[in-house]
Amino acid sequence: MSLWLLNHFSTFTLSVLLVGAIMAAAVIGSLAARRAHPRLAEGEHNEMVGVVLGMFGAIYGIILAFVVVTLWTQLDHTQTVVSKEATDLALVVRSADVFPPADRERIQSAVGRYAHAVVDIQWPKMRAGEPSHAATADHVEGMYRALQAYEPTDARTQTFYEEAAASLNDAAGQRRERIDLATTELPTLLQVLVFGGALVLIPLTFIYGLRSLRMQLLFVASVAALIGFSLLLVLVLDRPFAGELSVDPSPFREGALVQFWQAGAQG
């Protein structure tokens with residue numbers, strides 16, 4: 001459900017829908033509680049409710065801060081993994097520049113085909129939450145076969161060959177980690193704590209009585225808005241390859257790899 005929302009609505013639209021819905025529900029709930037129990041407006045339970053709200057709010061805030069920091073760190077790490085994979089591929093291309101023309105063309109063409117497969121085939125699958133190792137497995141094998149078919153003839157080409165092989169191995173490792181990251185999501189227990197905590201905290205504001213109905217609704221709506229925006233942040237950060245705030249494949253189109261995208265070239 002979250003993937004569908006992230007891939008079909010902009011962050012602004014999601015904020016309006018999610019935060020607006022939470023605020024509306026909170027206001028309606030507060031009005032219903034006040035109508036069912038008119039004495040709440042006298043604030044006779046405010047001292048007890050204030051203590052409970054403060055305690056629950058502190059606990060929930062700590063949990064929410066931990067989740068947001070964890071998800072943001074994961075997003076940043078995912079971007080780093082993607083950049084490293086593209087960099088390693090670029091190093092293979094650069095190292096192959098010293099090889100004979102036929103070998104260089106074979107190796108660089110294999111890298112180009114892989115870059116296109118990642119962006120055109122694998123990336124849409126990752127956005128949909130269904131990454132597939134098989135989507136680019138043949139292209140990885142193609143790069144290895146192209147490199148292994150070359151036999152260095154002197155110390156200079158031997159050095160660059162070893163560097164190309166090391167870079168290709170690193171790229172293969174980054175590829176596996178990237179695909180694994182595309183399937184990660186917030187553990188079920190943390191999801192229950194984050195979203196369940198909101199269901200506990202917001203109703204508590206209904207029984208914190210204020211004589212002014214306007215001030216009561218403003219208080220409830222403000223707390224609901226803060227929680228709503230926090231939940232929105234969790235939602236958009238939970239999937240690193242989906243939505244507007246996501247990792248994009250631009251590193252595979254930059255630097256030494258840009259040649260594979262000029263005029264639709266695929267190497």
Side-chain angles (χ1 to χ4, degrees), residues 1-76 129 184-246:
M1 181 62 178
S2 62
L3 280 171
W4 186 87
L5 290 173
L6 290 170
N7 289 327
H8 289 81
F9 295 98
S10 66
T11 302
F12 175 77
T13 302
L14 284 175
S15 66
V16 172
L17 293 176
L18 179 61
V19 179
I22 292 176
M23 291 178 64
V27 168
I28 293 172
S30 181
L31 287 171
R34 194 175 177 113
R35 176 171 295 183
H37 305 282
R39 294 189 61 183
L40 287 176
E42 299 176 8
E44 58 181 331
H45 304 299
N46 281 5
E47 185 175 351
M48 179 193 69
V49 174
V51 172
V52 174
L53 268 175
M55 180 181 66
F56 277 32
I59 295 173
Y60 184 68
I62 292 173
I63 294 172
L64 206 55
F66 169 76
V67 169
V68 170
V69 170
T70 299
L71 292 178
W72 182 262
T73 302
Q74 175 183 288
L75 181 66
D76 184 64
T184 60
E185 62 179 328
L186 199 64
T188 302
L189 179 58
L190 284 179
Q191 290 186 33
V192 172
L193 288 174
V194 169
F195 294 98
L199 295 177
V200 172
L201 192 59
I202 292 178
L204 281 176
T205 62
F206 301 167
I207 56 178
Y208 191 86
L210 296 174
R211 293 188 182 276
S212 170
L213 177 61
R214 180 177 297 179
M215 293 302 297
Q216 174 79 39
L217 296 182
L218 180 62
F219 167 66
V220 171
S222 298
V223 174
L226 180 60
I227 292 176
F229 278 111
S230 299
L231 294 181
L232 175 67
L233 190 58
V234 172
L235 179 66
V236 299
L237 291 177
D238 191 27
R239 296 289 189 162
F241 292 100
E244 290 185 344
L245 189 62
S246 62

With side chains defined as the heavy atoms from C-beta onward, is the minimum distance between [X] and [Y] less than 4.5 Å?
{"X": "Thr11", "Y": "Leu14", "answer": "no"}
{"X": "Tyr60", "Y": "Ile227", "answer": "yes"}
{"X": "Val49", "Y": "Thr205", "answer": "no"}
{"X": "Arg214", "Y": "Leu218", "answer": "no"}

Nearest heavy-atom pair of [X] and [Y]: which atoms, and what distance?
{"X": "Gly57", "Y": "Leu201", "answer": "N-CD1, 4.0 Å"}
{"X": "Ile202", "Y": "Ala26", "answer": "CG2-CB, 3.8 Å"}
{"X": "Leu18", "Y": "Gly228", "answer": "CD2-O, 4.0 Å"}
{"X": "Asn7", "Y": "Gly243", "answer": "OD1-N, 3.5 Å"}

Problem set entry | Under 3.5 Å donor-acceptor, Glu244 side chain and Ser10 backbone |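 No; zero donor-acceptor contacts below 3.5 Å.
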Could you pull out all donor-acceptor pairs under 3.5 Å where a side-chain atom in residues 62-74 meets a protein atom, sequence neighbours excluded?
unit_1	atom_1	unit_2	atom_2	d
Thr70	OG1	Phe66	O	2.7
Thr73	OG1	Val69	O	2.8

Exercise. Of all residues at least two apart in sequence or in a different chain, which pass the salt bridge (Lys or Arg N to Asp or Glu O under 4.0 Å) check with Glu185?
Worked result: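 Checked Glu185 against salt bridge (Lys or Arg N to Asp or Glu O under 4.0 Å); matches are Arg239.
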From [X] [atom1] over to [Y] [atom2], what is the distance, rounded to the nearest 0.5 angstrom?
{"X": "Leu226", "Y": "Leu231", "atom1": "CG", "atom2": "CG", "result": "9.5 Å"}
{"X": "Leu237", "Y": "Leu245", "atom1": "CG", "atom2": "CG", "result": "5.5 Å"}
{"X": "Arg34", "Y": "Leu217", "atom1": "CZ", "atom2": "CG", "result": "7.5 Å"}
{"X": "Met23", "Y": "Ile28", "atom1": "CE", "atom2": "CD1", "result": "12.0 Å"}
{"X": "His8", "Y": "Thr13", "atom1": "NE2", "atom2": "OG1", "result": "13.0 Å"}
{"X": "Phe241", "Y": "Thr184", "atom1": "CZ", "atom2": "OG1", "result": "8.0 Å"}

Problem set entry | Residues Leu190, Leu193; criterion side chain to side chain contact (heavy atoms under 4.5 Å, CB included); working and verdict | CA-CA 5 Å; Leu190 284 179; Leu193 288 174; 4.1 Å; yes
Exercise. Can you say whether the rings of Phe219 and Tyr208 are parallel (under 30°), tilted (30 to 60°) or perpendicular (over 60°)?
Worked result: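 Tilted, since the angle between the ring planes falls between 30° and 60°.
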For this session: Tell me, yes or no, whether the heavy-atom count around Met215 atom CE, taken from other residues, nucleotides or ligands under 6.0 Å, exceeds 12.
Result: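 Not more than 12 within 6.0 Å, no.
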For this session: Apply side-chain contact (heavy atoms from CB on, under 4.5 Å) to Ser15 and list each qualifying residue two or more places apart in sequence or on a separate chain.
Result: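 side-chain contact (heavy atoms from CB on, under 4.5 Å) list for Ser15, sorted by chain: Phe12, Phe229, Leu232.
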